[in-house]
Engineer: 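I'd like to ask some things about the structure below.
Below, each value reflects all heavy atoms present in this structure, side chains not excepted, and no hydrogens, waters or symmetry copies.
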Amino acid sequence: MTAAPTPLHAIRPPRPLLRLCGLISDSRAAAMGIAGAGAAARCIFGKRTAGRLEELLINALSYPFYKAGVHYNIHALGLQMRVRNAHSPFRPVPKRSPQAHAGPLRIGMVGEMSIGAARPLALISEFPTGHVFHVFDTGREGVFGELPQRPNVVVTRIALPENASGVEKKPGDVAKYVPAVHRLATAINAARLDLLIVSNGSIEEKHDIAALVDTPCLVGYLMGSEPVMHPKIDYCLYVQPRTGFPVLGHTMYSVFTGRPVPAEKCCTETAFAYEMVGADRAANPPWEARENLMIFHGRLAQLIEPSFLGVLAELLREDPGLRFELLGPGDNLEEIQAFFANRGVGERVRYLGMVDKRDYTAGTFHSRIYDFVRRGRLEANPWPIGGGSARVEAYLAGTPTANLRFHPEGDRPWASDQTTVALPFIDAPSGTADDIAGFKALCRRCLYDRTFAEELIAEQYHVAAEVTNHGVWWERVIACYRDWLAGKGWAAPEGGKA
């Protein structure tokens, strides 16, 4: 009997094709060619059509990676940013030369200070007293909470129009956005900083800010899984590595091309700076007082991997008294509910809605999260893209958490049955499994083994104490800067570029 042919959509691209597409994406010629085609299209068809043409050409080079199941294609991201920079309305400003000095460091941070779980706002209270901190808040919705008043902290607020630097702009956006970025850059340059951390906000905003500032050392931070990849950024605080792009020394490499990723230097000695707002260890119920309940809180898009959901469904089938509840935003709820319903356990899966910025303004954001997380005996961290702030919140709530180990140099970066984007700084060793079978066994121990669960909870408290210690975070950031300045492990700074 002749086997049916493999459907075209199921064919995985060969590695040589992935390598070729990666090398082309990394080349200067590709960026110049696509930008040139876009410039010609702008003259004939207008900005919107030109933007779509550029996007189509970039996606053509990225499509083999998409077919291979690679969740983050750094080659395509770099190409996209180089093409965008070719059309930027901002002419790059040269950097000042870096200088070592004995006086206090002048450190700046620019971005939306109140967004994201690992908010830069939380770093101000523990900024070291021996240095000066300039905060440049570009937030459009106001600060959720009061900024600490400190003599060595200077706060400047210049809001940037939302989405103004994207391809599809609303009428009048550019007229507002370009002057706002210039005002922001002028304020930053007037501060005469030694180091500027380019933080929260869109990646386009980060590129525009980087182009106009003259700070000797520019550092990218809080990019999730997307490094800044601007030629003036000296290095990124690479806190969320992904399979297929390991860091050796301070250089990011690609397993697809076997070469360094262009213009991407990384500092791997830091984690996200998580906050403890709303955490109260005394309010955490003991393990034996908790419900027979598995929980998840985070983006629902993290829950669509069948091999992960299959573990939860099997646990539900094994124990008729076990339930699963989830909390978070996203458009994948029907897909998730259908998965469990098809396996006969849908009636024990319940969605409790989401928390958002309205809860911030009402002052109920963290209380809603902790009231939910404290009920469970297990928070299972999903793959291939796991949680960060959600895991730390589970740690702080005393909730046992199971995690699948991340292998940055794995030879199957496309495989969905593994963690492909991770936060290794927040892994609790006893709560981390090497494979799916081990993960399943770990979940059972969290649910039914009191001694193990209590030992894991104690370990998680220790990890949480480290990653919520902003003083230690600053020590690592400053040490990384001093190493960069001295050329330790980096190419010697030359004209401000490592």
Engineer: Please report the interatomic distance CG(L79) to CD1(I58), rounded to the nearest 0.5 Å.
Structural biologist: 4.5 Å
Engineer: Within the 3.5 Å criterion, strictly below it, is a donor on E459 or S430 matched to an acceptor on the partner's side chain?
Structural biologist: yes
Engineer: Is a donor on one side and an acceptor on the other found under 3.5 Å between the side chain of R150 and the backbone of I124?
Structural biologist: yes
Engineer: Any sub-3.5 Å donor-acceptor pair from N189's side-chain atoms to L212's backbone N or O?
Structural biologist: yes
Engineer: Please step through side-chain hydrogen bond (donor to acceptor under 3.5 Å, both in side chains) for the pair N59 and Y66, ending with a clear verdict.
Structural biologist: CA-CA 9 Å; N59 285 346; Y66 169 78; over 6 Å; no
Engineer: Just so I know, are the side chains of Y235 and C266 near enough to count as touching, which here means a heavy-atom distance under 4.5 Å?
Structural biologist: no
Engineer: Between Q240 (side chain) and V421 (backbone), is there a donor-acceptor pair under 3.5 Å?
Structural biologist: no
Engineer: When you check the gap from the basic side-chain N to the acidic O, do R96 and D214 get nearer than 4.0 Å?
Structural biologist: yes
Engineer: Answer yes or no: are there more than 12 heavy-atom neighbours, outside H101 itself, under 6.0 Å from its atom NE2?
Structural biologist: yes
Engineer: Test your reading of the model: is there a side-chain donor-acceptor pair from R405 to the backbone of Q418, 3.5 Å cut-off?
Structural biologist: no
Engineer: Indicate yes or no: at least one non-hydrogen side-chain atom of P64 is less than 4.5 angstrom from one of C21.
Structural biologist: yes
Engineer: For K206 and S199, indicate whether the former's side chain and the latter's backbone hold a donor-acceptor pair under 3.5 Å.
Structural biologist: yes
Engineer: When you look at V467 and V392, which way does the side chain to side chain contact (heavy atoms under 4.5 Å, CB included) test go after all the steps?
Structural biologist: CA-CA 8 Å; V467 298; V392 175; 4.1 Å; yes
Engineer: If you define the side chain from C-beta out and look only at heavy atoms, does anything of Y253 sit under 4.5 Å from V261?
Structural biologist: no
Engineer: Which pair of non-hydrogen atoms, one from R391 and one from T401, has the smallest distance, and what is that distance?
Structural biologist: CG-CG2, 4.3 Å
Engineer: Run the side chain to side chain contact (heavy atoms under 4.5 Å, CB included) check on L105 and V132 step by step: do they pass?
Structural biologist: CA-CA 6 Å; L105 289 176; V132 178; over 6 Å; no
Engineer: When rounded to the nearest 0.5 angstrom, what is the spacing between CE in M109 and CG in L193?
Structural biologist: 12.0 Å
Engineer: Looking only at heavy atoms, which two atoms of R242 and I74 are closest? And how far apart?
Structural biologist: NH1-CD1, 2.7 Å
Engineer: Got a second to check how far F308's CZ is from I436's CD1, nearest 0.5 Å?
Structural biologist: 10.5 Å
Engineer: I'd like a table of donor-acceptor pairs (distance under 3.5 Å, sequence neighbours excluded) in which one partner is a side-chain atom from residues 380-387, with atom names and distances.
Structural biologist:
from, atom 1, to, atom 2, distance (Å)
N381, OD1, G387, N, 2.8
N381, ND2, N403, OD1, 2.8
W383, NE1, S307, OG, 2.9

Engineer: Working to the nearest 0.5 angstrom, can you tell me the gap between L196 CG and I107 CD1?
Structural biologist: 10.5 Å
Engineer: Main chain of V93, side chain of K232: is a donor-acceptor contact present, judged purely on distance under 3.5 Å?
Structural biologist: yes
Engineer: For the pair Y395 (side chain) and I426 (backbone), establish whether a donor and an acceptor sit closer than 3.5 Å, ignoring hydrogens and angles.
Structural biologist: yes
Engineer: Measure from the ring center of Y481 to the ring center of W474 and say whether it is less than 6.0 Å.
Structural biologist: no
Engineer: Can you check side chain to side chain contact (heavy atoms under 4.5 Å, CB included) on M229 and M252, steps first, answer last?
Structural biologist: CA-CA 11 Å; M229 304 193 78; M252 180 189 292; over 6 Å; no
Engineer: Assess the pair H250 and Y238: is the distance between their ring centroids shorter than 6.0 Å?
Structural biologist: no
Engineer: Please tell me if the side chains of Y63 and P13 come closer than 4.5 Å, counting only heavy atoms from C-beta onward.
Structural biologist: no
Engineer: Taking all atoms of both residues into account, what is the closest heavy-atom pair of L160 and A180, and its distance?
Structural biologist: CD2-CB, 3.7 Å
Engineer: Could you check whether any side-chain N or O of S27 sits under 3.5 Å from a backbone N or O of A30, counting only pairs where one atom can act as donor and the other as acceptor?
Structural biologist: yes
Engineer: Cut-off 3.5 Å, side chains only: do H207 and R84 have a donor facing an acceptor?
Structural biologist: no
Engineer: Does any part of the side chain of L184, heavy atoms only, come nearer than 4.5 Å to the side chain of V110, both counted from C-beta?
Structural biologist: yes
Engineer: When rounded to the nearest 0.5 angstrom, what is the spacing between CG in D208 and OG in S88?
Structural biologist: 5.0 Å
Engineer: May I ask you to check whether W473 and Y221 place their ring centers less than 6.0 Å from one another?
Structural biologist: yes
Engineer: Considering all heavy atoms of both residues, which atom of P260 and which atom of T251 are nearest to each other, and what is their separation?
Structural biologist: CB-CG2, 3.7 Å
Engineer: Between H182 and F90, is a ring-ring contact (aromatic ring centres under 6.0 Å, His included) present by the stated rule, with each step listed?
Structural biologist: CA-CA 9 Å; H182 276 288; F90 305 105; 5.3 Å; yes
Engineer: Measure the spacing between CD1 of I158 and CD1 of I188 and express it to the nearest 0.5 Å.
Structural biologist: 8.0 Å
Engineer: Do the side chains of N332 and L303 get nearer than 4.5 Å, heavy atoms only?
Structural biologist: no
Engineer: Would a distance-only check, ignoring hydrogens and angles, find a side-chain to backbone donor-acceptor pair under 3.5 Å from N469 to A465?
Structural biologist: no
Engineer: Taking all heavy atoms of P216 and all of D194, pick out the closest pair and write down the distance.
Structural biologist: CD-O, 3.9 Å
Engineer: Would you check, one step at a time, whether the test side chain to side chain contact (heavy atoms under 4.5 Å, CB included) holds for V154 with F133?
Structural biologist: CA-CA 6 Å; V154 180; F133 191 27; over 6 Å; no
Engineer: Answer yes or no: is there a donor N or O on one side and an acceptor on the other, between the side chain of T468 and the main chain of E466, under 3.5 Å?
Structural biologist: no
Engineer: In terms of the angle between their ring planes, are H131 and F127 parallel, tilted or perpendicular, with boundaries placed at 30° and 60°?
Structural biologist: perpendicular
Engineer: Is the number of heavy atoms from other residues, nucleotides or ligands within 6.0 Å of CZ (R299) greater than 12?
Structural biologist: no
Engineer: Quick check on the 6.0 Å ring-centre criterion: do H75 and F245 meet it?
Structural biologist: yes
Engineer: For the residue pair S62 / N73, report whether a side-chain donor-acceptor contact shorter than 3.5 Å exists.
Structural biologist: yes
Engineer: Can you find a heavy atom in the side chain of Q80 that is under 4.5 Å from one in the side chain of L77?
Structural biologist: yes
Engineer: Side chains of I197 and V477: closer than 4.5 Å at any heavy-atom pair?
Structural biologist: yes
Engineer: Are R42 and E54 within salt-bridge range, i.e. N to O under 4.0 Å?
Structural biologist: yes
Engineer: On a heavy-atom basis, which atom in L53 and which in A41 lie closest, and how many Å separate them?
Structural biologist: CD2-CB, 3.9 Å
Engineer: Is it true that the side chains of K95 and T215 contain a donor and an acceptor less than 3.5 Å apart?
Structural biologist: no
